[in-house]
There are 2 protein chains.
Amino acid sequence: MSMRRVAQELDTGPASLYAHVSSKEELLELVYDRVLGEIRLPEPDPARWKEQLRAYALEMHLVLGSHRDVARAALATIPTGANSVRAGEFVYRLLLEAGMAPREASLAMDRLILYVIGDAYEGSLHHGRMRAAGIDDPGEYFENFVGQIAAYYRALPRDRFPYLTKHIDDLIADDGEQRFYYGLDLFLDGLEARLSKP
Amino acid sequence: MSMRRVAQELDTGPASLYAHVSSKEELLELVYDRVLGEIRLPEPDPARWKEQLRAYALEMHLVLGSHRDVARAALATIPTGANSVRAGEFVYRLLLEAGMAPREASLAMDRLILYVIGDAYEGSLHHGRMRAAGIDDPGEYFENFVGQIAAYYRALPRDRFPYLTKHIDDLIADDGEQRFYYGLDLFLDGLEARLSKP
DNA sequence: ACCTGAACACCGTTCAAGT
DNA sequence: ACCTGAACACCGTTCAAGT
């Protein structure tokens, strides 16, 4: 996304955008909030906090995957939009009602959001690379990507890198989706463990 | 970092760089690997895997904080440099010797690295914003940043956002370092729990 | 093999001038 | 209050020409 391209889409010049927005960063934050609005929030149910938090993370991840710069804008910004606050209240409430102390719930919310955005941002970088390479099919791109890693690892000297060279198949077994799930569930299980023995 | 500025530092033109490197991305990957070389790896000790993994994550986080574009380059790239492979062998070995199955160790390594890089990247975005705002002291910047969040939350209607408005102090209590530690320890504790009951 | 100047095709943002 | 053309100060990369 470039200011000049946005302006072009609106049949105007880039300077005109600055009558409505003070910078590209501000525009991206507005887009971010609008994108968050696409997430449907269920009625919070403390008994199912883990399930609901997981569903929220998956939806947010999906919705952020749409555009590269949005995920970056979501990092290190003050979440100030209406939808952002709405989502924040939902997540925070769920953690509190699950039994977490306010301060720990704050930390947990912060880290969950960072994880989702971080993974989405990495995904969008991959997406950009895919387009740059002229590949259309994500599966084909993934094959290509891990294939290069595998080839490189296979060429490493076994005596100096015994562990990496021995388990190449395991290193490339899981795709991006499975990696995201693994980290998400590790996180949620970790929260649950802290709840049961504080 | 821009190609033109690198060239200037080397008293030459930007075009000259392309005799040594095929793109800016490739140059950044070379910088990334050099930066990883600054991490000192201890003799792996399976009995202290958690402690050693934690120390590694802290060192990597510190070393990545130096330059914004490096953390971004570290995302979504094939880690192909000598130091990168050296570090990968260390982390992977530690996880395996701790008792993890090869496939799960692969996932755990991937997520740990993503977490460290993701947090470092967010930190570098903050750093950039700090410089843009003309602030020199990180403490002052942090005060400023959380102060804006707090003011915004305080102005929210209490009936619509009861949870966020009630715990503003807890929401802004921890700084970046403490947040990083919380997520890191949650991750490591999670791994430990999976090891004890597989 | 390495370097260079000049050019190409872009950026975000500002600012005086217009309505 | 909103819009505009033109300009400023940058980008990454290419390419013919040089050594």
Side-chain angles (χ1 to χ4, degrees), chain A residues 1-35 64 66-78 80-81 117 121-122 124-135 141 144-145 148, chain B residues 1-35 64 66-78 80-81 117 121-122 124-135 141 144-145 148:
Chain A
M1 187 192 106
S2 83
M3 296 301 268
R4 294 177 118 97
R5 226 137 54 191
V6 170
Q8 203 181 340
E9 210 82 15
L10 267 43
D11 280 317
T12 181
S16 303
L17 303 177
Y18 290 86
H20 305 91
V21 121
S22 75
S23 68
K24 183 185 179 179
E25 207 59 27
E26 188 184 316
L27 179 55
L28 278 171
E29 279 168 40
L30 291 171
V31 174
Y32 173 50
D33 198 69
R34 161 150 303 203
V35 145
L64 277 179
S66 59
H67 210 111
R68 168 164 30 169
D69 309 282
V70 176
R72 194 193 36 72
L75 285 167
T77 52
I78 306 177
T80 186
I117 297 176
Y121 181 60
E122 186 176 42
S124 66
L125 287 176
H126 272 123
H127 192 84
R129 225 160 283 212
M130 193 176 87
R131 276 196 312 174
I135 302 173
Y141 170 78
N144 204 297
F145 187 77
Q148 278 179 261
Chain B
M1 187 193 107
S2 82
M3 295 301 268
R4 294 178 117 97
R5 226 135 58 193
V6 170
Q8 203 181 341
E9 209 84 14
L10 267 43
D11 281 316
T12 181
S16 303
L17 302 177
Y18 289 85
H20 303 90
V21 120
S22 74
S23 68
K24 183 183 179 181
E25 207 59 27
E26 188 184 315
L27 178 55
L28 278 171
E29 279 167 41
L30 291 171
V31 175
Y32 174 50
D33 198 69
R34 162 150 304 202
V35 146
L64 276 179
S66 59
H67 209 112
R68 167 164 31 166
D69 309 282
V70 177
R72 194 194 36 74
L75 286 167
T77 51
I78 306 177
T80 184
I117 296 176
Y121 181 61
E122 186 176 43
S124 66
L125 287 176
H126 272 123
H127 192 83
R129 225 160 283 213
M130 192 177 88
R131 277 195 312 173
I135 303 173
Y141 170 78
N144 204 296
F145 187 76
Q148 277 179 261

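To find a chain, count down the sequence lines: A is the first, B the second, and so on, and within it residues start at 1.
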Closest non-hydrogen atom pair, A/Ala76 against B/Leu125: CB-CB, 3.8 Å

Nearest heavy-atom contact between B/Met3 and B/Leu17 is O-CD1, 3.2 Å

Measuring to OP1 and OP2 of D/dA1, would you say a side-chain N or O of A/His20 lies under 4.0 angstrom away? no

Among D/dC3, D/dC11, C/dC11, find the nucleotide with the atom closest to the side chain of B/Ser2. D/dC11

Which distance, rounded to the nearest 0.5 Å, do you find between the [atom1] of [X] and the [atom2] of [Y]?
| X | Y | atom1 | atom2 | result |
| --- | --- | --- | --- | --- |
| B/Ser124 | B/Ile117 | OG | CD1 | 11.5 Å |
| A/Leu27 | A/Lys24 | CG | NZ | 9.0 Å |
| A/Thr77 | B/Phe145 | OG1 | CZ | 6.5 Å |
| B/Arg72 | B/Met1 | CZ | CE | 9.0 Å |
| A/Met130 | A/His127 | CE | NE2 | 5.0 Å |

Show me the dot-bracket string of DNA chain D, counting Watson-Crick or G-U pairs under 3.5 Å, with | for pairs to another strand and [ ] for crossing ones. ||.|||||...|||||.||

[X] [atom1] to [N] [atom2]: how many Å, rounded?
| X | N | atom1 | atom2 | value |
| --- | --- | --- | --- | --- |
| B/Arg5 | C/dC11 | CZ | C1' | 14 Å |
| B/Gln8 | D/dG12 | CD | C1' | 16 Å |
| B/Glu26 | D/dT13 | CD | C1' | 14 Å |
| B/Tyr18 | D/dG18 | OH | P | 23 Å |
| B/Leu10 | C/dC3 | CG | P | 10 Å |
| B/Met3 | D/dT14 | CE | P | 10 Å |
| A/Lys24 | C/dT14 | NZ | P | 14 Å |

Side chains of A/Glu25 and B/Arg129, heavy atoms from C-beta outward: is any pair under 4.5 Å? yes

Interatomic distance at P, D/dA9 relative to C/dC10, whole Å: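 D/dA9 and C/dC10 have their P atoms separated by 22 Å.
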
Mind checking whether A/Tyr141 and A/His126 have parallel, tilted or perpendicular rings, split at 30° and 60°?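 Answer is perpendicular, since the angle exceeds 60°.
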
Set out, line by line, the N/O atom pairs under 3.5 Å between protein and nucleotides 4-7 of chain D.
from	atom 1	to	atom 2	distance (Å)
D/dT4	OP2	A/Thr12	OG1	2.1
D/dT4	OP2	A/Ser16	OG	2.9

